[in-house]
Number of protein chains: 2
Amino acid sequence: MNTNLSIRHLRAFAEVAYCGSFTQAASRLHLTQSSLTATIKQLEQSVGLILFDRTTRRVLLTLQGEQFRPVAEKLISDFDTAIGDLQAIAGQQQGQVAIAASPSTISRLLPPVIDDYRQQYPDIAISLRDDSAGQIEQRVLDNDVDFGIGANHSGHPELNYQPVLSDRYGVVVPAAHPFMGESSIQWQQLIQEELLFLSADTGIRAQLNQFRQAGQLLLSDQKAILEVSNPAGLAALIRQGIGISVLPALAASTESFKELRFIPLIEPLMRREVCLVSRKGRSLSPAASTLLSLAREHFISMPLPPYLESITPEHPANSSTTPTA
Amino acid sequence: MNTNLSIRHLRAFAEVAYCGSFTQAASRLHLTQSSLTATIKQLEQSVGLILFDRTTRRVLLTLQGEQFRPVAEKLISDFDTAIGDLQAIAGQQQGQVAIAASPSTISRLLPPVIDDYRQQYPDIAISLRDDSAGQIEQRVLDNDVDFGIGANHSGHPELNYQPVLSDRYGVVVPAAHPFMGESSIQWQQLIQEELLFLSADTGIRAQLNQFRQAGQLLLSDQKAILEVSNPAGLAALIRQGIGISVLPALAASTESFKELRFIPLIEPLMRREVCLVSRKGRSLSPAASTLLSLAREHFISMPLPPYLESITPEHPANSSTTPTA
DNA sequence: TTCATTTATCGTTTTAAACTATTAATTAAT
DNA sequence: ATTAATTAATAGTTTAAAACGATAAATGAA
C-alpha cells in the first residue's frame with residue numbers, strides 16, 4: 001500500500017514545516033538540502049498532493065499540508081515513544097519482573113537480593129508470587145512469571161533447572177523434647193515419634209511421600225497423618241508439644257521456628273536442591289536476567305543458616321533430589 | 001534518535017508475530033526469508049531486546065514482544081490511515097472547499113456550479129461565505145477560503161485575479177418612474193434623482209465613490225446620502241418610490257429586484273469585472289482547483305441576465321474596473 | 001540592475017535493502 | 001537411531017535507494 005513511505009518522510013515533512021526552509025531543515029536533520037528536497041518530493045508524489053508551496057524565498061504549507069502537520073507530528077511522536085519504551089525496557093529503566101517462589105524462599109533468601117536489585121533499578125516493578133512447589137513450575141510454564149525458585153521439581157522437559165542451594169533435611173523439635181541434646185538424629189529414631197506434615201501440595205511433604213513410597217523409611221506404622229498447610233501453623237503445633245516434624249533447613253530457619261531446635265537427619269543424610277527454574281528455549285527479559293544473576297551471586301555469598309549450602313555453578317550437583325550416603 | 005528504525009521494521013515485526021514464521025511472513029510481505037530475518041534483527045538490535053524466541057520449528061513472541069505487538073500494530077494502522085486520508089483528499093474522495101463571494105454571486109451565479117460539482121463529488125464539503133468585496137480578499141489572504149469570487153478588487157499584490165464576468169452598471173427604477181420607458185440612461189440624467197446607495201463596504205458603493213472622487217460624475221450637489229446595507233432592503237426602498245439606485249446588473253438581477261426595472265447606464269458605459277480571486281504563489285487543493293475550473297466553465301456558458309457577459313480566458317480584459325467609452 | 005540566498009536538478013558515491021545459495025538446527029517419520 | 005523435510009541464520013552478491021556535491025534557476029532585497 002504505502003510501503004514506499006516511511007517515518008523518514010514524516011520527519012522530513014515535519015522539520016520543513018517547522019523551519020519553513022529546506023536548507024535549514026536539512027541542516028537540522030543532518031542531511032543535504034538536495035536530499036531533503038528529494039524526500040519531500042517523494043512524499044508529495046506518493047500522496048498525490050502538494051504539501052508545500054515554495055519559492056526560493058519562502059516555504060509555506062498548503063492547506064492540506066497544514067492539516068497533515070499535526071497528524072504527522074503525532075505519528076512521529078507515537079513512533080518514537082513506542083521505540084523509546086522498548087529501549088527503556090532493554091536498558092532496565094523500566095519494566096517488571098515476576099518471580100514465583102516458596103514462602104520460605106521469599107522470607108529467608110530473597111529479601112537481600114531484592115534490596116540490592118531495588119537500589120540498582122528502582123524503576124523496575126517486582127512481583128513475588130508465594131507458591132508451593134508444583135505451582136511454581138506451572139507458573140513458569142504458563143509464562144505468569146519470569147522465573148521461579150523452588151525445590152522438589154518434577155524435571156519438566158520444557159523447564160530449565162539451575163541448582164543454587166543444597167538444603168539438608170532435619171527434625172524440628174520443641175525445647176522440652178528428648179532429642180534436644182543430640183547433634184544429629186537417625187531416620188530410624190523417628191519411627192516412634194508423632195510426625196507432623198505440611199500439606200501434600202507443599203514441596204517438603206511431597207518429598208517425604210516420595211521417600212516413604214521408595215520404602216527407604218518405614219512410616220507406614222505411623223498414626224493417622226496430621227498435616228498443616230502452612231509452616232507457621234506447623235511450628236505452633238510443635239511448640240505445643242503435639243509432635244515433631246521433618247523439614248528442610250531452609251523452611252525451619254524462618255521466624256516461626258525461632259524457639260524450636262533443628263537437628264539434622266543422618267543415615268541417610270538427605271538433601272533437596274533449591275533451583276532457579278526458567279523456561280527452556282525462551283529468553284529472559286533484561287530485567288529478569290539481571291535479577292536472576294544477582295540472586296545467584298547472593299546465594300553463593302550470603303550468610304546461610306546451618307545445613308543450607310550454596311552450590312556454585314562450577315560444581316553443579318545432580319539436578320534431582322537425591323539421598324546421599 | 002531512532003532514525004534507523006522505520007515503519008518497515010514494524011510491518012516486518014507484526015507480520016512475523018502474526019504468522020509465527022519467518023518464511024511464511026516473508027512470502028506474505030513479498031520478501032525473501034533472509035531479508036526479513038535481517039530486518040527483525042535490525043529492529044531487535046536497535047531496541048536492544050529480543051522480540052522473538054525462535055527455533056527452526058517455531059517462532060514465539062517474548063514477553064516484551066507480546067507487549068509490543070499491539071503498540072506496533074496501532075502505529076502501522078495509524079500511519080496507513082493518515083497517508084490514506086491524504087491520498088483520499090488528493091483523489092477528491094473527500095475534503096472540503098471554502099469559497100468567499102458576494103451575496104449576489106452566491107444567489108445568482110453559484111447555484112448551478114455547486115449543483116454540478118455536488119453530483120460529481122458528493123463527498124466534498126462545500127462552504128460558501130457570504131462576504132462583501134473587501135472581506136472577500138481578506139478571506140483569501142487569511143487562508144480562510146480556498147478562493148473568492150468578487151468584483152471591485154483592490155489589486156492586492158499577493159492575490160491573483162482572474163476576470164470571468166463583465167458586469168454592466170445601470171439604474172434600478174420602480175415601475176412608476178419616468179425612466180421606465182427608456183432603453184438606456186445617461187449618467188447626467190441622474191443628477192436630479194434621489195440616489196440610494198449600498199453601504200460603503202459593499203463593492204457597488206465603493207465603486208461609485210471611486211467615480212465621484214475622480215470627478216467624472218458630479219454627485220456632490222446631491223442630498224444627504226441614503227444608504228442601505230443590503231440589496232434586499234435597497235430594493236424595498238426603491239419599490240416604495242423613495243428613490244432609484246445605481247447597481248451592477250448582477251446585483252439587480254436577484255429575486256428582490258424582480259418587480260423593478262434595470263436600465264443600463266451609458267456615457268460612459270461602465271462595467272466592473274467579477275473575478276476569481278486566489279492567493280498568488282499558493283497552490284489550490286485538487287478539490288478547490290476542480291471547483292474553480294468548473295465555475296469558470298459555467299460562467300462562460302451559463303444563461304446570464306442582460307448586461308452581464310462572460311469573459312473568456314482567451315480574451316482577458318484589463319483586470320481592474322475601467323470606464324469604457 | 002546586481003547580489004545574496006534558496007530551491008530544484010543532475011550526476012555520482014555511498015549505504016542499505018533485497019536476493020541467491022548454503023549451513024545449521026529441529027522435528028517428524030522411517 | 002537415522003533419515004528426510006522444514007526452518008531460521010549466515011555469507012556473499014546484486015540492486016535499489018538514499019545521501020552527497022556541484023550547479024542552475026528563481027526570488028527578494030539592496
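To find a chain, count down the sequence lines: A is the first, B the second, and so on, and within it residues start at 1. Just so you know, these numbers use all the heavy atoms, side chains as well, and skip hydrogens, waters and symmetry mates.
- In this structure, the CG atom of B/Leu36 is 10 Å from the P atom of C/dA18, given to the nearest Å.
- Between the side chains of A/Ser6 and B/Arg8, not a single donor N or O lies within less than 3.5 Å of an accepting N or O.
- When rounded to the nearest whole Å, the span between CD of B/Gln33 and P of C/dT23 equals 15 Å.
- Between the base of D/dG21 and the side chain of A/Ser34 there is a donor-acceptor pair shorter than 3.5 Å.
- Between the side chains of A/Asp131 and A/Ser102, no donor N or O sits under 3.5 Å from an acceptor N or O.
- Listed by chain and number, the residues in a salt bridge (charged side-chain N to carboxylate O under 4.0 Å, His left out) with A/Glu297 amount to none (sequence neighbours excluded).
- Distance CD1 (B/Ile50) to C1' (D/dA8): 14 Å, rounded to an integer number of Å.
- Looking at the side chain of B/Thr39, the nearest of the listed nucleotides C/dT7, D/dA8, C/dA18 is C/dA18.
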Please enumerate all protein N or O atoms sitting under 3.5 Å from an N or O of nucleotides 2-6 of chain D, with distances to 0.1 Å.
none

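- Under a 4.0 Å N-O distance rule, the pair B/Glu44/B/Arg54 qualifies as a salt bridge.
- Spacing between atom CZ of A/Arg54 and atom P of D/dA25 amounts to 19 Å, rounded to whole angstrom units.
- Across all strands shown, A/Gln42 has heavy atoms under 4.0 Å from sugar-phosphate atoms exclusively, and none from any base.
- For A/Arg11 and A/Asp80, the salt-bridge test passes: some basic side-chain N is under 4.0 Å from an acidic carboxylate O.
- Close to D/dA17, at under 4.0 Å from its OP1 or OP2, lies no side-chain N or O of B/Arg8.
- Residue B/Lys41 has its side chain nearest to D/dT10 when only C/dT7, D/dT10, D/dA8 are considered.
- Using modelled atom types and a 3.5 Å distance limit, the side chains of B/Arg129 and B/Gln135 yield no donor-acceptor pair.
- A donor-acceptor contact closer than 3.5 angstrom is absent between the side chains of B/Gln24 and B/Tyr18.
- Atom P of nucleotide D/dA17 and atom CD1 of A/Ile7 are separated by 19 Å, given to the nearest angstrom.
- For A/Thr32, the side-chain atoms get nearest to D/dA19 when compared with the rest of C/dA18, D/dA8, D/dA19.
- Comparing D/dA9, D/dC20, D/dG28 by their closest approach to the side chain of A/Ser35 singles out D/dC20.
- Residue A/His30 is in sugar-phosphate contact alone, with no base atom involved, counting any heavy-atom pair closer than 4.0 Å across all strands shown.
- Atom P of nucleotide D/dA18 and atom CD of A/Gln45 are separated by 13 Å, given to the nearest angstrom.
- Taking atom CG on A/Leu60 and atom P on C/dT7, their separation rounds to 11 Å, with Å as the unit.
- What separates CG of B/Leu5 from P of C/dA16 is a distance of 13 Å, to the nearest Å.
- Defined by atom type and a distance below 3.5 Å, a donor-acceptor pair is missing between the side-chain atoms of B/Asn160 and B/Ser278.
- Using a 4.0 Å heavy-atom distance criterion, A/Thr23 is classed as a base contact.
- For A/Leu31 and B/Arg58, each mapped to the nucleotide of DNA chain D holding its nearest heavy atom, the one lying further toward the 5' end belongs to B/Arg58.
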